[in-house]
Amino acid sequence: MADPFRSITLEEAGSTNTEAFKRASAGEAGPLWIVARRQTQGRGRSGRRWASEPGNLYASLLQRMNCPQAVVHQLSLLAGVAVVEAIATAAGRPVAGLRLKWPNDVLIDAAKCAGILPESQLGGGGLEVVAVIGIGVNLTSHPTDLGRAATDLTHHGATVTPDAMLAALATCMRSWLDIWDCGRGFEQVRVAWLAHAGAVGESLSVDTGRERISGTFVDLDQGGALILRDAQGKERKLTFGDVTLAGVLPKDGA
Ligand code: BTN
């Protein structure tokens with residue numbers, strides 16, 4: 001069986017996600033963690049840039065899987081749970097205020113301390129999906145150009161090196177990928193995600209790209225969609241969007 005913890009560390013990469021897809025095209029079987037000490041073209045969600053100075057963790061897991069395409073988006077929630085657990089493990093103690101915001105932002109209080117960029121392509125044959133789960137964890141510094149509040153672990157008194165963070169993350173990701181089992185174990189992921197997220201009834205607004213919907217958090221559905229009660233009292237189910245928590249207005253450009 002392939003070593004699930006195999007990793008390579010590059011002094012510099014454009015983007016570890018891009019590097020992972022390049023290696024997959026060249027025949028890399030995975031699983032493989034690709035880590036860069038710094039990125040010159042770090043990518044965030046929705047085409048945003050991800051500032052990537054040395055000292056933080058920039059890592060992508062290349063994982064081939066024979067899973068139905070319809071469940072691949074659940075990797076996003078799974079990775080969020082793994083990151084929250086890995087941060088607590090690597091910090092050696094619970095980090096107050098550490099929580100998830102749908103779909104996979106990792107916050108300390110209302111400030112972002114880690115981001116996840118899951119991407120996938122169809123593999124060469126049959127059902128194979130080539131998944132690349134990119135994860136950035138702010139350990140010693142945080143970007144100031146995100147358009148919203150950000151923070152890092154040092155700021156909260158936790159000293160964690162990129163290598164220690166990767167070790168904890170690789171263990172948590174492996175264990176949650178096994179539980180998830182191509183979606184058959186998603187209910188456990190969902191329950192864990194909810195345990196790390198805000199409370200039912202929390203006010204938030206979601207920018208879907210077409211509209212901004214304000215409402216209150218109701219639940220995650222059985223597939224991982226966000227269920228929100230809008231201002232008219234109607235339940236809305238969302239599979240894509242940028243969530244802003246109430247009282248945390250995005251700055252220009254967010
Ligand atoms: C987000 O916008 O929240 C997602 C940020 C994801 C950043 C990580 S850093 C490692 C990997 N390589 C990238 O270019 N992006 C992801």
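Quick caveat: nothing in here was measured; it's all calculated off a predicted structure. Just so you know, ligand 1 is whichever comes first in the structure, and atom 1 is the first atom listed for that ligand.
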- Task: Give yes if a backbone or side-chain nitrogen or oxygen of Gln39 is under 3.5 Å from a nitrogen or oxygen of ligand 1, and no if not.
- Result: yes

- Message: List ligand 1 atoms under 4.0 Å from Arg43, heavy atoms only on the residue side.
- Response: 5 (C), 6 (C), 7 (C), 13 (C), 14 (O), 15 (N), 16 (C)

- Numbering as shown, the atoms of ligand 1 that approach Ser60 to under 4.0 Å (heavy-atom distance): 11 (C)

- Query: Arg48 near ligand 1, heavy-atom distance under 4.0 Å?
  - Reply: no

- Numbering as shown, the atoms of ligand 1 that approach Thr16 to under 4.0 Å (heavy-atom distance): 10 (C), 11 (C), 12 (N)

- Task: Treating Ile, Leu, Val, Met, Phe, Trp and Tyr as nodes and any side-chain heavy-atom pair under 4.5 angstrom as an edge, say whether Val206 and Val200 lie in one connected cluster.
- Result: yes

- Residues that, via side-chain heavy atoms closer than 4.5 angstrom, fall in one hydrophobic cluster with Val218: Ile227

- Message: Suppose I only count heavy atoms of Arg45 and a 4.0 Å limit; which atoms of ligand 1 are within that range?
- Response: 1 (C), 2 (O), 4 (C)

- Message: Using side-chain heavy atoms (C-beta onward) and a distance below 4.5 Å, is Glu128 in contact with Leu122?
- Response: no

- What residue among Arg6, Arg64, Arg23 forms salt bridge (charged side-chain N to carboxylate O under 4.0 Å, His left out) with Glu28? Arg6

- Item | For Ala59, the ligand 1 atoms whose distance to one of its heavy atoms is below 4.0 Å | 10 (C)

- Message: Judged on heavy-atom distance to atom 4 (C) of ligand 1, which of Ile135, Asp105, Ile116 sits nearest?
- Response: Ile116

- Message: Please say yes or no: joined through hydrophobic side-chain contacts below 4.5 Å, possibly via intermediate residues, are Phe5 and Leu169 part of one cluster?
- Response: no

- Query: Can Val132 be reached from Leu177 by stepping across I, L, V, M, F, W or Y side chains whose heavy atoms are under 4.5 Å apart?
  - Reply: no

- Message: With salt bridge (charged side-chain N to carboxylate O under 4.0 Å, His left out) as the criterion, how do Asp219 and Arg229 come out once you've worked through the C-alpha distance, each side chain's angles and the decisive distance to 0.1 Å?
- Response: CA-CA 10 Å; Asp219 204 352; Arg229 191 177 313 285; over 6 Å; no

- Item | Part of Ser46 with heavy atoms under 4.0 Å of ligand 1, whether side chain, backbone, both or neither | neither

- Where's the contact between Lys112 and ligand 1, heavy-atom distance under 4.0 Å: side chain, backbone, both or neither? side chain

- Message: Give the atom numbers and elements of ligand 1 that come within less than 4.0 Å of a heavy atom of Gly42.
- Response: 14 (O)

- Under 4.0 Å from a heavy atom of Gly44: give me the atoms of ligand 1 that qualify, with their elements. 1 (C), 2 (O), 4 (C), 5 (C)

- Is it the case that one hydrophobic cluster holds both Leu62 and Ile135, taking links as side-chain heavy atoms less than 4.5 Å apart, direct or via other members? no

- Atoms in ligand 1 with a heavy atom of Asn17 nearer than 4.0 Å: 11 (C), 12 (N)

- Query: How far does CD1 of Ile87 sit from SG of Cys113, to the nearest 0.5 angstrom?
  - Reply: 4.0 Å

- Message: With nothing but distance in play, are any N or O atoms of Ser15 less than 3.5 Å from an N or O of ligand 1?
- Response: yes

